[in-house]
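Beneath this line is the structure, given in structure tokens, with notes to follow.
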Amino acid sequence: MRTSTFRAFMAVTVGDAIQRGVVTLDVSELPDGVPIEVRWSSVNYKDALASTPTGKVARISPIVPGIDMAGIVADDADGVASGTEVIAHGYELGVSRHGGFAEMAKVPADWLVPLPAGLTLREAMVIGTAGFTAALSVVALEEHGLSPEDGPVLVTGASGGVGSVAVNLLSRLGFQVAASTGKPEASDYLKALGAHTIVEREALGQPGRPLESPSWAGAIDCVGGITLANVLSRISYGGAVAASGLTGGAQLPTTVMPFILRGVSLLGVDSVQTPIERRRAVWARLGGDLKPAGLDEIGREIGLEDISGVLDAITAGAVTGRNVVDVLR
Ligand code: NDP
């Protein structure tokens with residue numbers, strides 16, 4: 001390794017508060033693993049949870065948050081060659097082990113995804129955990145048998161990280177996409193990503209009946225709560241909802257009616273513990289047939305010093321698209 005010190009964005013619990021800022025660390029403070037010169041990271045909803053006192057996500061303090069990273073292996077280690085371009089996300093990163101908001105990281109070899117052909121390190125982080133989760137959701141709907149001929153598909157939380165990529169991927173695959181958003185100003189952005197229609201977030205935000213007239217053949221839901229209950233009530237016969245998020249709440253106030261009267265399936269999506277072989281296979285598709293278009297429009301570049309403000313914006317539900325971190329900036 002070239003230097004032993006590096007810059008990192010760190011969160012430290014002090015009493016009931018969390019102090020955040022950019023500090024200098026020494027490589028000796030990193031856990032065991034393959035050394036990686038991080039080039040790009042990205043800011044996710046979970047990073048906001050890991051950096052706020054009520055989030056209950058971080059398991060160690062101090063912690064370098066950042067559930068996403070893309071970089072270059074700095075030294076031969078554990079069978080991985082120096083110079084290999086890699087992606088790492090999920091598992092314990094940024095939760096109980098230092099993550100990607102730093103110039104250096106160490107990651108177990110069996111958590112590493114080789115950068116797929118068709119993607120740059122920066123593009124991989126515009127996609128990041130959020131885009132990977134969107135891709136897992138699309139694959140779940142595909143495996144359920146959903147195809148564009150079945151009818152329109154809804155995406156909730158559409159202007160966020162998972163939602164933006166989901167809109168884009170579904171549109172690329174030929175689906176007619178309805179995008180639900182709480183941000184009227186995001187309509188043009190969502191249409192540019194491929195949304196055919198916009199559904200106001202509020203239209204799905206109030207308690208509804210267990211079954212409503214069917215509107216969509218399937219859905220990708222990043223919101224949970226009452227929204228997911230309302231989505232389930234409006235899925236057509238035999239359709240499916242891939243559920244990954246909880247920005248609208250962790251409860252699911254629904255009944256069994258959509259499941260037992262319409263054969264609707266609720267498909268759980270988890271990116272954190274996705275087995276490494278499936279992870280590598282889905283990333284290979286993200287560099288190929290599932291490569292999102294318009295990655296430049298989705299990604300906004302920031303530096304380590306800007307992370308704190310973005311975490312606050314995420315907590316306020318005010319983020320559009322993806323914030324990619326140029327850790328060397
Ligand atoms: P973002 O913060 O980028 O986007 C979340 C979006 O949700 C917002 O942009 C907004 O979209 C919508 N939203 C925000 N607050 C509310 C609210 N109170 N009610 C309804 N909608 C709201 O987050 P991500 O896209 O990164 O993550 C989305 C969710 O998915 C999170 O809950 C996250 O924890 C989860 N997640 C789960 C993963 C898994 O492995 N299961 C992996 C990655 C994320 P709009 O204004 O368009 O409505």
Side-chain angles (χ1 to χ4, degrees), residues 133-270 317 320:
T133 303
L136 281 180
S137 305
V138 168
V139 170
L141 293 178
E142 274 181 357
E143 289 173 350
H144 182 78
L146 200 72
S147 67
E149 296 71 46
D150 295 319
V153 172
L154 175 73
V155 176
T156 62
S159 76
V162 178
S164 294
V165 181
V167 168
N168 191 267
L169 295 183
L170 289 168
S171 162
R172 276 179 75 86
L173 292 173
F175 286 93
Q176 205 175 19
V177 183
S180 163
T181 182
K183 304 185 189 80
E185 69 279 11
S187 291
D188 290 346
Y189 165 76
L190 290 168
K191 285 185 176 160
L193 290 179
H196 287 73
T197 53
I198 304 294
V199 178
E200 281 181 31
R201 185 199 291 173
E202 193 52 29
L204 296 167
Q206 299 305 321
R209 294 185 298 181
L211 287 179
E212 298 280 359
S213 301
S215 303
W216 306 289
I220 291 180
D221 176 68
C222 323
V223 171
I226 291 171
T227 299
L228 177 53
N230 286 328
V231 171
L232 286 164
S233 77
R234 293 176 60 178
I235 298 296
S236 48
Y237 193 89
V241 180
S244 62
L246 76 178
T247 56
Q251 305 297 318
L252 180 52
T254 187
T255 71
V256 297
M257 295 307 183
F259 310 115
I260 66 172
L261 294 184
R262 290 203 183 135
V264 170
S265 296
L266 183 55
L267 311 172
V269 173
D270 167 62
T320 297

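What's counted below: heavy atoms across the whole structure, side chains too, no hydrogens, waters or symmetry copies. One-based numbering along the sequence shown.
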Which pair of heavy atoms, one from S171 and one from V177, lies closest together, and at what distance?
-> N-CG2, 3.7 Å
At their closest point, which heavy atom of C222 faces which heavy atom of S244, and how far apart are they?
-> CA-OG, 4.1 Å
Locate the shortest heavy-atom distance separating L169 from A134; write the atom from each residue and the value.
-> CD1-C, 4.1 Å
Which pair of non-hydrogen atoms, one from L190 and one from A179, has the smallest distance, and what is that distance?
-> CD1-CB, 4.1 Å
Is atom CD of E200 surrounded by more than 12 heavy atoms (other residues, nucleotides or ligands) closer than 6.0 Å?
-> no
T156 versus L154: any side-chain heavy-atom pair under 4.5 Å?
-> yes
Would you check if the side chain of S187 reaches a backbone N or O of P184 as a donor-acceptor pair within less than 3.5 Å?
-> yes
Could you state the interatomic distance from CD1 (I220) to OG (S180), rounded to the nearest 0.5 Å?
-> 13.0 Å
Does CG belonging to D270 count more than 12 external heavy atoms closer than 6.0 Å?
-> yes
Main-chain N/O of L267 paired with S265 side-chain donor or acceptor, under 3.5 Å = no
Side chain proximity check, F175 to D150, heavy atoms < 4.5 angstrom | no
Only counting residues at least two apart or in another chain, list the ones meeting side-chain hydrogen bond (donor to acceptor under 3.5 Å, both in side chains) with E143.
-> R278
When every non-hydrogen atom of A195 is compared with those of V167, the smallest separation belongs to N-CG1, 3.7 Å
Measure across G218 and L146 and return the closest heavy-atom pair with its distance rounded to 0.1 Å.
-> CA-CD2, 4.1 Å
Can you find a pair of side-chain heavy atoms, one from V223 and one from L228, that are under 4.5 Å apart?
-> no
Separation between OG1 (T227) and CG (L246), nearest 0.5 Å, reads 11.5 Å
Tabulate below the donor-acceptor pairs under 3.5 Å that side-chain atoms of residues 229-242 make, not counting sequence neighbours, or state none.
from, atom 1, to, atom 2, distance (Å)
N230, OD1, G208, N, 3.4
N230, ND2, L204, O, 2.7
N230, ND2, Q206, O, 2.8
N230, ND2, I226, O, 3.4
S233, OG, N230, O, 2.7
R234, NE, S215, OG, 3.1
R234, NH2, S215, OG, 3.0
S236, OG, W216, O, 3.2

Below 3.5 Å, can you tabulate the donor-acceptor pairs from side chains in residues 249-260 to any protein atom, sequence neighbours excluded?
from, atom 1, to, atom 2, distance (Å)
T255, OG1, M257, N, 3.1

For the residue pair V153 and Q176, establish whether any side-chain heavy-atom pair is separated by less than 4.5 Å.
-> no
